[in-house]
Protein chains: 2
Amino acid sequence: MALAYDYKDVHYLPTPQRGGDPVAALFRMGVTMTFAKDEEIYGQDEDADLIYRVLEGAVRTTRVMADGRRQIGDFYLADDVFGLEAGPRHRFSAEAVRDSVILVVKASALRAAGGEIERLGWEATRRELERAQEHVLLLGRKTACERVASFLKDLSDKSGGARVVDLPMGRQDIADYLGLTIETVSRMLSQLQSGRIVSFCATRQFRVVNPEGLARLADQAH
Amino acid sequence: MALAYDYKDVHYLPTPQRGGDPVAALFRMGVTMTFAKDEEIYGQDEDADLIYRVLEGAVRTTRVMADGRRQIGDFYLADDVFGLEAGPRHRFSAEAVRDSVILVVKASALRAAGGEIERLGWEATRRELERAQEHVLLLGRKTACERVASFLKDLSDKSGGARVVDLPMGRQDIADYLGLTIETVSRMLSQLQSGRIVSFCATRQFRVVNPEGLARLADQAH
DNA sequence: CGGGGTCCTTGATGCGCATCAAGGCGCGGT
DNA sequence: ACCGCGCCTTGATGCGCATCAAGGACCCCG
């Protein structure tokens with residue numbers, strides 16, 4: 001239901017100023033929308049006419065095979081831009097991982113703006129590509145333990161290297177991102193915990209106990 | 001050795017006209033270079049100041065982990081553009097799969113050109129992203145047999161849906177692209193052949209015997 | 001405070017692909 | 001033609017992760 005949204009959810013923005021962030025320029029004429037947990041933001045094979053930015057919450061992009069196997073392309077947290085992963089049509093769908101507030105802008109408007117603004121769109125696309133390529137390496141050549149370690153490290157890095165990190169998503173989402181099953185994810189998390197690499201304060205919050213150990217497990221990659 | 005090339009390999013181009021191809025505009029002021037089989041075109045962590053187009057031959061992008069595990073990011077055949085997969089520095093290296101002729105242009109020159117030309121660069125980056133995301137799905141959720149089938153179908157599609165297709169790369173490269181071992185690739189190829197899906201005329205050339213069967217195996221993806 | 005549902009963990013077993021090992025095939029050199 | 005070497009195939013075995021199964025932890029709601 002990307003475009004058939006409720007108008008109560010839409011708010012026109014008075015030129016948001018998010019701390020001198022250059023990407024904010026992309027969204028000067030956007031609208032905000034709210035999505036409930038697990039609500040679809042856009043669907044596989046829908047037109048890719050909009051681009052999006054997370055204000056609050058978390059988003060996943062997913063692709064489902066005919067028999068139900070699911071792959072998550074990426075997660076997007078506060079300030080991340082998504083929806084660029086497409087030609088004319090989206091190859092993945094996007095869903096709210098939990099209740100989320102999303103800023104939306106027309107891609108065509110962006111293209112029309114030209115120059116500097118357009119270049120920011122290219123930059124964002126390039127970052128997406130880099131992340132996708134890291135993901136390819138992870139899925140192609142890392143073990144289950146390395147995948148989970150990479151995932152936790154990535155989350156920690158995204159939070160500016162914080163030692164205590166929240167997991168916005170459940171175990172099934174992690175599994176579908178890492179190309180594993182929920183049981184294997186759970187086992188690897190337990191294993192990392194008993195190896196004093198991380199420590200779970202709650203099901204969805206962990207502490208990095210041994211950052212070097214975590215990096216070593218994650219970055220066997222050169 | 002991307003930049004320390006031999007000058008004998010460099011030829012300035014008299015505005016190449018490749019059949020009205022729009023991407024050709026990107027390369028109006030490029031130079032051609034030749035690379036021998038397995039020669040490096042650019043290295044991991046090198047500056048990403050150039051973009052490339054295959055004129056003849058084939059190229060692979062690779063990433064090697066500390067312990068030698070290797071992942072191939074993608075293959076590039078005649079007319080494909082590569083080298084966009086990067087911020088300031090390349091995350092993958094690029095090597096010639098066999099003797100190849102490559103057209104090279106400065107990315108900064110392209111950026112300076114602005115407008116229409118720059119947009120083509122964005123388009124090319126977006127196509128790269130789409131391919132990387134297909135690769136993620138393949139590596140995350142497809143079985144060995146499906147991966148090999150997808151690979152063969154992809155090659156056939158790239159050749160305009162040809163029934164008889166050449167494999168420019170060896171089995172090890174296929175394995176490193178698909179996240180498998182060389183033995184498994186070989187076994188799956190044999191299996192597809194005895195299932196009358198494809199038929200190998202030579203080690204590096206096959207015929208698509210049953211296109212629907214191949215598509216069914218490859219495209220369990222919606 | 002207790003009941004029920006969802007999500008998560010842990011254990012037992014099995015399978016798909018990796019690993020180890022041994023030839024076979026094709027191709028270039030002499 | 002023949003040899004030698006690299007690449008590929010095929011077979012035997014093992015391991016890592018999936019699958020199947022059974023609780024346990026947490027949370028919402030009465």
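Just so we're clear, the structure is a prediction, and the values are computed from it rather than from any experiment. Each chain gets a letter, A, B and so on, in the order the sequences are listed, and its residues count up from 1.
A:Thr181 comes within 4.0 angstrom of a base, heavy atoms only. Using a 4.0 Å heavy-atom cutoff across all strands shown, B:Arg204 reaches sugar-phosphate atoms only and no base atom. Using a 4.0 Å heavy-atom criterion, one finds that B:Ser186 contacts the bases of the nucleic acid, with or without backbone contacts as well. Here A:Leu189 lies out of heavy-atom contact (under 4.0 Å) with every strand.
Residue whose closest nucleotide on DNA chain C sits further toward the 5' end, between B:Glu183 and A:Phe200: A:Phe200. A residue-by-residue look at A:Thr203 and A:Gly179 shows that A:Gly179 has its nearest nucleotide of DNA chain D further toward the 5' end.
Chain B approaches DNA chain C within less than 4.0 angstrom (heavy atoms of the protein), and the contacting nucleotides run 5' to 3' from C:dC17 to C:dC20.
A side-chain donor-acceptor contact under 3.5 Å links A:Glu39 to the backbone of A:Ala36. One N or O on the side chain of A:Arg141 and one on the backbone of B:Arg70 form a donor-acceptor pair closer than 3.5 Å.
Atom P of nucleotide D:dC8 and atom CE of B:Met188 are separated by 17 Å, given to the nearest angstrom. Rounded to an integer number of Å, the gap from B:Ile182 CD1 to D:dT9 P is 8 Å. Straight-line distance from the CG atom of B:Leu192 to the C1' atom of D:dT9: 15 Å, rounded to whole Å. Rounded to an integer number of Å, the gap from CD1 of B:Ile174 to C1' of D:dC7 is 12 Å.
Salt bridge absent: B:Lys158 and B:Asp154 never bring a charged side-chain N and a carboxylate O closer than 4.0 Å. Here B:Asp45 does not pair with B:Arg91 in a salt bridge; the nearest charged N to carboxylate O distance is not below 4.0 Å. Under a 4.0 Å N-O distance rule, the pair A:Asp176/A:Arg69 does not qualify as a salt bridge.
With values rounded to the nearest 0.5 angstrom, B:His135 atom NE2 is found 4.0 Å from B:Leu139 atom CG.
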